[in-house]
Novice: 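This is the structure I want to talk about, given as structure tokens.
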Number of protein chains: 2
Amino acid sequence: MAPDRNRRRIPDATVSRLPVYLRILGEQHDLGVDSISSDRLAELGGVNAAKVRKDLSYLGSYGTRGVGYEVAYLIFQIQRELGLTHDWPVVIVGAGNLGQALSGYGGFGARGFPVAGLVDVDASKVGTLVGGVRVRSIDELPQIVQSKRVSIGIVATPTASAQDAADRLVAAGVTSILNFAPTVLSVPPSIEVRKVDLAVELQILSYHEQRRIAGGAATTAARPRAVSAS
Amino acid sequence: MAPDRNRRRIPDATVSRLPVYLRILGEQHDLGVDSISSDRLAELGGVNAAKVRKDLSYLGSYGTRGVGYEVAYLIFQIQRELGLTHDWPVVIVGAGNLGQALSGYGGFGARGFPVAGLVDVDASKVGTLVGGVRVRSIDELPQIVQSKRVSIGIVATPTASAQDAADRLVAAGVTSILNFAPTVLSVPPSIEVRKVDLAVELQILSYHEQRRIAGGAATTAARPRAVSAS
DNA sequence: CGGGCTTTGTGAACGCGTGCACGAGTGCCT
DNA sequence: AGGCACTCGTGCACGCGTTCACAAAGCCCG
Ligand SMILES: NC(=O)c1ccc[n+]([C@@H]2O[C@H](COP(=O)([O-])OP(=O)(O)OC[C@H]3O[C@@H](n4cnc5c(N)ncnc54)[C@H](O)[C@@H]3O)[C@@H](O)[C@H]2O)c1
Ligand SMILES: NC(=O)c1ccc[n+]([C@@H]2O[C@H](COP(=O)([O-])OP(=O)(O)OC[C@H]3O[C@@H](n4cnc5c(N)ncnc54)[C@H](O)[C@@H]3O)[C@@H](O)[C@H]2O)c1
């Protein structure tokens, strides 16, 4: 029977909130605040205070009863747990609308995710400068990943090419992928994939809007929309 | 007809998966497939087959035992449930990097979310054409929302202005907000807010990368790791 | 027309996340 | 020093979501 073999595991739900706490703590730190209570942190983060304390307790007992948490120290602990003590260079595949916006956005580098490369298949785009980043050929992907020690890849290609982009990223040695294309990627189980699907977000909002109306009158006119998979 | 009681509530987790099923069904429909089993749909969606069936059962019993689901009919039912039987025009606040990428992206209009307006405070941007959409002054926001019957707003301003943008959207009559700024918006409880925070996504990936390294030594344990689909 | 095959729909068990409630520790004030 | 006010850390119960397992239901074929 393995005792505590697997490293202190932090629940997924908690992991997804830690970055939020981290950002708030950073803001408070900049404001000169050096101690903060779970109540205040919960208020700023829009969550329950008990949840904040439980989340932070997974990192260890870094609070002081009767006082709160020391902001600077807590920031360090969260960064350590999230692996943010060093930079994680990322490579972006697809220099289109979205890829360009991402490259031009300084927020990533500032948060420890510098753009190590931006690649595209379109020869006419290769060599052009986009948001301070030069577009390179997708053939250089393995070389970029290897030399810059990139482990996170971003898929910003059209839907039809997303699987190809993911395959190339995996082949090049990337182990985590952030996918912006509205499609389910098929990758080896050891690869971590997260998706950002704006259409899904809008459709969830649509559901709630429709539901909001449903209380009033009869069902809305049912005209089937064209089914298209772009 | 059967006594159609008030709309049954659909679990949040299910609502967030319905758009995925819908997209897959659309693709299959375009491929000429007119019947599909929960097994196949689960495979394409990267989820459990029982989950698919349970999710779809919230819409009603629209499958045929021994056969599967009729693709076209199921598409219609999901669209009806998500409120996609008609368009939901959206208004984008902030015509910067991201706002422009969103405006230029045709995928929204194609999926029933046409851009009814793109507004900005920057006078030098007002009047310019971005991705086929003309940037208008933020002062016109109420008028746009009213005349175009907009109920969904998108915040694409810098972090510091996000709360202001949200306030203006709410004041103008918008009831759902999609927030791209990395900040917690404060809005009346009746307003539905969803956020898309790329930094959070990257930091979650960072956590897993860091963890991968930390436990790399003796961890050959075959702990089945499903592809995380949030 | 009945038997075998397929697939749905769902009851039930399980596991995880949430939020409450409260004991335990800390600092401050008298 | 003792009391008091405050806040953390966490045991516990509850509810939601996931998954299994299987009866019900439909199709096909001989
Ligand atoms: N632009 C947006 O606002 C937006 C919003 C939501 C979702 N998306 C999604 O993001 C993705 C990109 O959108 P976009 O607007 O930037 O598209 P785009 O067409 O503007 O750009 C895609 C780029 O990818 C390149 N590309 C194509 N195949 C490739 C391959 N196999 N390898 C490498 N590069 C390849 C193309 O040359 C092009 O430069 C799409 O899947 C889209 O659905 C975009
Ligand atoms: N660009 C990206 O790839 C990216 C990625 C992740 C997150 N984000 C987030 O998206 C948001 C926008 O990013 P961006 O790169 O487009 O920024 P940007 O600076 O390029 O554009 C912001 C735009 O908002 C306008 N604006 C400012 N205050 C406003 C107000 N009160 N009302 C209306 N408009 C206002 C500005 O004039 C500007 O045109 C930011 O919060 C950023 O953190 C962007």
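Chain A is the first sequence line, chain B the second, and so forth, proteins listed ahead of strands; every chain is numbered from 1. These numbers come from the heavy atoms of this one structure, side chains and all, not from hydrogens, waters or symmetry mates. The model shown is predicted, which means the values in this text are computed figures rather than measured ones.
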Novice: Measure CD/A:Glu43 against C1'/D:dT7 and give the value in whole Å, please.
Specialist: 16 Å
Novice: Closer than 4.0 Å, any side-chain N/O of A:Asn48 to the OP1 or OP2 of C:dG17?
Specialist: no
Novice: Closest approach to the side chain of B:Arg53, judged atom by atom: which nucleotide of D:dC22, D:dG17, D:dT10 is it?
Specialist: D:dC22
Novice: Looking at the side chain of B:Ser37, which of D:dT18, C:dT7, D:dG9 is the nearest nucleotide?
Specialist: C:dT7
Novice: Kindly determine whether A:Val193 and A:Leu178 satisfy side-chain contact (heavy atoms from CB on, under 4.5 Å), including the steps that lead there.
Specialist: CA-CA 6 Å; A:Val193 176; A:Leu178 183 56; over 6 Å; no
Novice: When you measure from the side chain of A:Trp88 to the backbone N and O of A:Gly83, does any donor-acceptor pair fall under 3.5 Å?
Specialist: yes
Novice: Given C:dT18, C:dT8, C:dA21, which nucleotide is nearest the side-chain atoms of A:Ala50?
Specialist: C:dA21
Novice: Return the nearest nucleotide to the side chain of B:Arg65; candidates are C:dG27, D:dA23, C:dG19.
Specialist: D:dA23
Novice: Classify B:Arg40 by what it touches in the nucleic acid, base, sugar-phosphate, or nothing, heavy-atom distance under 4.0 Å.
Specialist: nothing
Novice: Rounded to the nearest Å, what distance is computed from the CG atom of residue B:Asp39 to the P atom of nucleotide D:dC20?
Specialist: 12 Å
Novice: Please report the distance, rounded to the nearest Å, between NZ in A:Lys51 and C1' in D:dT10.
Specialist: 16 Å
Novice: Given atom CG of A:Leu59 and atom C1' of D:dC8, what is their separation to the nearest angstrom?
Specialist: 14 Å
Novice: Where do A:Thr183 and A:Gln163 land on the side-chain contact (heavy atoms from CB on, under 4.5 Å) test, with the steps shown first?
Specialist: CA-CA 8 Å; A:Thr183 186; A:Gln163 184 61 54; over 6 Å; no
Novice: Quickly work out the A:Asp12 CG to D:dG17 P distance and round it to whole Å.
Specialist: 16 Å
Novice: Nearest-nucleotide wise, let me know which of A:Asp55 and B:Gly60 is further upstream toward the 5' end of DNA chain C.
Specialist: B:Gly60
Novice: Nearest whole angstrom, please: distance from the P of D:dC8 to the OH of A:Tyr62.
Specialist: 16 Å
Novice: Looking at D:dC8, I'd like to know if its phosphate oxygens (OP1 or OP2) sit under 4.0 Å from a side-chain N or O belonging to A:Ser38.
Specialist: yes
Novice: Do any side-chain nitrogens or oxygens of A:Tyr58 fall under 4.0 Å of OP1 or OP2 in D:dT10?
Specialist: no
Novice: Within the structure provided, determine whether A:Phe108 and A:Ser103 are in side-chain contact (heavy-atom separation under 4.5 Å).
Specialist: no
Novice: Please compare A:Val67 and A:Lys54 by the position of their nearest nucleotide in DNA chain D and report the one closer to 5'.
Specialist: A:Val67
Novice: Determine, step by step, whether A:Glu201 and B:Val196 satisfy the side-chain contact (heavy atoms from CB on, under 4.5 Å) criterion, reporting the C-alpha distance in whole Å, the side-chain angles of both residues, the deciding distance to 0.1 Å, and the verdict.
Specialist: CA-CA 8 Å; A:Glu201 298 300 323; B:Val196 174; 4.0 Å; yes
Novice: To the nearest Å, give me how far apart OH (B:Tyr69) and P (D:dA25) are.
Specialist: 15 Å
Novice: Start at the 5' end of DNA chain C and walk down; is the nucleotide closest to A:Gly66 or to A:Pro11 reached first?
Specialist: A:Pro11
